[in-house]
Amino acid sequence: MATKGNSGDHRSRGSMSIFIVIGLCGFFYILGAWQRSGFGKGDSIALEITKQSDCSILSNLNYETHHGGDAGTVDESEGEAKEFKPCDDRYIDYTPCQDQMRAMTFPRENMNYRERHCPPEEEKLHCLIPAPKGYVTPFPWPKSRDYVPYANAPYKSLTVEKAVQNWIQYEGNVFRFPGGGTQFPQGADAYINQLASVIPFDNGMVRTALDTGCGVASWGAYLFKKNVLAMSFAPRDSHEAQVQFALERGVPAVIGVLGTIKLPYPDRSFDMAHCSRCLINWGSNDGMYMMEVDRVLRPGGYWVLSGPPINWKVNYQAWQRPKEELQEEQRKIEEIAKSLCWEKKHEKGEIAIWRKRINYDNCHDQDSQPTMCESGNGGNVWYKKMEGCVTPYPETTSADENAGGEWKPFPERLNAVPFRISSGSIPGISVEAYQEDTQSWKKHVNAYKRINKILDSGRYRNIMDMNAGLGSFAAALESPKLWVMNVMPTIAEKDTLGVIFERGLIGIYHDWCEAFSTYPRTYDLIHANGVFSLYKDRCDAEDILLEMDRILRPEGAVIFRDKADVLIKVKRIVQGMRWNTKMVDHEDGPLVPEKILFAVKQYWVAGQNVSSH
């Protein structure tokens, strides 16, 4: 292994040799003692936790499974593992399905060119995306909310473009995020407190939020203080790396846009949605974008619009726009909101807040009936065209019944039985099956913690569950130190993403045959339960693993859970990807066919000639 000449690099041939000798204890010790953090210093929290770990439980774990010697046979018959080379340095921030050059070949109408456009098979990269030189592990939360190492996202353009708006400042070798925003010059806290005078943040009733056109996600970052979990999205556009900054800060975000395709969330997902000067023309296309927000809002949910055209009479000169144009824009928004049966709750200054009615019985004052969408396809949204129709409410039997179930406060809703389960709307999943799933994942996560003792220490902030099921992995991990992006594969046998949202968690639909809508190095820990069995006849395991490598931080961890023969193939592939691995038995013993493979991605950066063997 070649080493960097940089005096700050504390990895050497000798230390890597020690890693091999000390086995799995050292395997997770690498996350503590050798983790690069902040300014290249080891993470003392992780180190201390690792020091305290009782490694005796690891002494009799073997690198292969205990199922009758098949592991060795399968492994050796395949010959030498293929070694993946680093991609060219120009791909450091490569986002395959939001590639800038490819985007420019698509129509600009309705932001189509900013939507997902993935490369064809012959254009896929089969190499490892390098980290930029000087890359360091982000600061632990909550320091990461306010500071991001410059080396991790070396783009100063926002500091110039948004200087007046207090988004981001460059100080020495870090970016500082003061918590400002275009619409909250007094800071995000003051802005959120204004909203809290109308929206019930403080009692746990509002837990999940969607932030459309989020900038660097300061709104979502500061909502964590209220225990509100925001899913933020923004396009990959001229404001370089805004979603990347959000994720570096430890805030949930994806690359996305309101364009021509439905948002990748089920009907009735979010407790609220928010647009703060998000530059979305809400009145265009006969209100289709507001109809899409209505689709993903739970009955009783809130929509916040701050900035133009709200309060246009006072601000039209400052905004340098004709007052007639702004007046018409607001008139259209008010008209569409009324047709959607939203109740306007508040308008003060540049903030307006509407609330979606709790059921259709409350909509008797409608002058005209909007076009209703066909019901029954709430989760069928992947690459589906947005529609100019209103999503129907679930049926209710009385005027005060909440369509889709009564709201429960968080954290009570985390383990309460969701309405979609209790109402029998997901065939084959009973209340008992849901409760069993919740309990079994508590057991699985406890077993993970016995191996990776820093799992819930704060070392892993951004976590992804690639095949989230009912969200019970995320529920078992729930902590203010971390958040989980629960991914529902579009080919999953049962679509349970709505259940995940009802639990007060967040998630997204995705097809793992394609790249995820994020920047490289944006997740600290990835959980892959049954992913490779699910996709075995759909796409190449190598492609999925290369995508996992792209989105995983250097020294990030992966937990695979699958059948033994599947994991042996996975283990062979990742041996050529600069990952260290360890296979262990199911917590119920070696006779259970399901095994667990732990992996850690090695630290390496652009220009570094490191072999994976």
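Computed from a predicted structure; not experimentally measured. Numbering of residues begins at 1 and proceeds along the displayed sequence.
With values rounded to the nearest 0.5 angstrom, R236 atom CZ is found 12.0 Å from S517 atom OG. The CD atom of E343 sits 4.0 Å away from the NZ atom of K345 when rounded to the nearest 0.5 Å. With rounding to the nearest 0.5 angstrom, the CZ atom of R420 is 10.5 Å from the CD1 atom of I500. To the nearest 0.5 angstrom, S457 atom OG is 8.0 Å from N452 atom CG.
Remark: R145 is not positioned above the aromatic ring of F224, lacking an NZ or CZ atom under 6.0 angstrom from the ring centre and at most 45 degrees off the axis. A cation-pi contact links R298 to W407, judged by a cut-off of 6.0 Å to the six-membered ring centre and 45° from its axis. A cation-pi geometry, defined here as NZ or CZ lying under 6.0 Å from the six-membered ring centre and within 45° of its normal, does not hold between K481 and Y460. The cationic group of K143 lies under 6.0 Å from the six-membered ring centre of F139 and within 45° of the ring axis, placing it in a cation-pi geometry.
Side-chain atoms of Q98 and Y519, non-hydrogen and from C-beta on, never get closer than 4.5 Å to each other. Residues D465 and V487 form no side-chain contact, since every pair of their non-hydrogen atoms from C-beta on lies 4.5 Å or further apart. You'll find the side chain of P480 stays beyond 4.5 Å of the side chain of N227, heavy atoms only. P394 places a side-chain heavy atom less than 4.5 Å from the side chain of R268. Considering only heavy atoms from C-beta on, W512 stays 4.5 Å or farther from N467 through its side chain. A heavy-atom distance below 4.5 Å is not found between the side chains of F410 and D271. Side-chain atoms of R277 and S306, non-hydrogen and from C-beta on, never get closer than 4.5 Å to each other. Put simply, the side chain of L552 reaches to within 4.5 Å of the side chain of V558, judged on heavy atoms.
Residue K332 places its NZ atom among 12 or fewer non-hydrogen atoms of other residues, nucleotides or ligands, all under 6.0 Å distant. Environment of CG in N415: crowded, with over 12 heavy atoms of neighbouring residues, nucleotides or ligands closer than 6.0 Å. Within a 6.0 Å radius of CD in Q186, other residues, nucleotides and ligands contribute 12 heavy atoms or fewer.
For the residue pair S218 / R249, a side-chain donor-acceptor distance below 3.5 Å is found, with atom types taken as modelled. No side-chain donor from either of N402 and N359 sits under 3.5 Å from a side-chain acceptor of the other. In the model, E248 has a side-chain atom that pairs as donor or acceptor with a side-chain atom of N152 under 3.5 Å. Side-chain atoms of K442 and N446 include no donor-acceptor pair closer than 3.5 Å. Looking at T397 and E401, their side chains do bring a donor and an acceptor atom within 3.5 Å of each other. Checking Y383 against R116 by side-chain atom types alone, a donor-acceptor pair falls below 3.5 Å. Side chains of W483 and N462: a donor-acceptor N/O pair is present below 3.5 angstrom, by distance only. Side-chain atoms of E115 and T260 form a donor-acceptor pair, as typed in the model, at a separation below 3.5 Å. With hydrogens and angles left out, the side-chain atoms of R561 and H527 include no donor and acceptor closer than 3.5 Å.
Checked against the 6.0 Å centroid threshold, H346 and Y302 do not count as a close aromatic pair. F270 has its ring centre less than 6.0 Å from the ring centre of Y265. Taking the six-membered ring for Trp, H274 and W303 have ring centres at least 6.0 Å apart. F598 has its ring centre no less than 6.0 Å from the ring centre of F560.
Scored by the side-chain hydrogen bond (donor to acceptor under 3.5 Å, both in side chains) test, S472 finds D437, R503 as partners (sequence neighbours excluded).
The nearest pair of heavy atoms linking R114 to V257 is O-CG1, 3.7 Å. A273 approaches V293 most closely through the heavy-atom pair CB-CG1, 3.8 Å. Smallest separation of non-hydrogen atoms from V254 and V243: O-CG2, 3.5 Å.
Residue pairs meeting the side-chain hydrogen bond (donor to acceptor under 3.5 Å, both in side chains) criterion with at least one partner in residues 486-498, sequence neighbours excluded, are D495-Y509.
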### Task
Determine, stepwise, if the pair D146 / R176 fulfils salt bridge (charged side-chain N to carboxylate O under 4.0 Å, His left out).
CA-CA 5 Å; D146 303 329; R176 186 167 77 84; over 6 Å; no
### Task
Please step through salt bridge (charged side-chain N to carboxylate O under 4.0 Å, His left out) for the pair E387 and K262, ending with a clear verdict.
CA-CA 8 Å; E387 298 176 275; K262 290 184 177 184; 3.0 Å; yes
### Message
Would K601 and E555 count as a salt bridge (charged side-chain N to carboxylate O under 4.0 Å, His left out) here? Give the steps.
### Response
CA-CA 5 Å; K601 177 177 172 177; E555 295 180 344; over 6 Å; no
### Task
Apply the test salt bridge (charged side-chain N to carboxylate O under 4.0 Å, His left out) to residues R461 and D524: give CA-CA distance (whole Å), side-chain angles for both, the deciding distance (0.1 Å), then the verdict.
CA-CA 6 Å; R461 170 74 182 166; D524 305 302; over 6 Å; no
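At distances below 3.5 Å, at least one donor-acceptor pair connects side-chain atoms of E502 with backbone N or O atoms of F419.
Taking the six-membered ring where tryptophan is involved, the planes of W282 and Y289 are perpendicular, since the angle between them exceeds 60° and thus also 30°.
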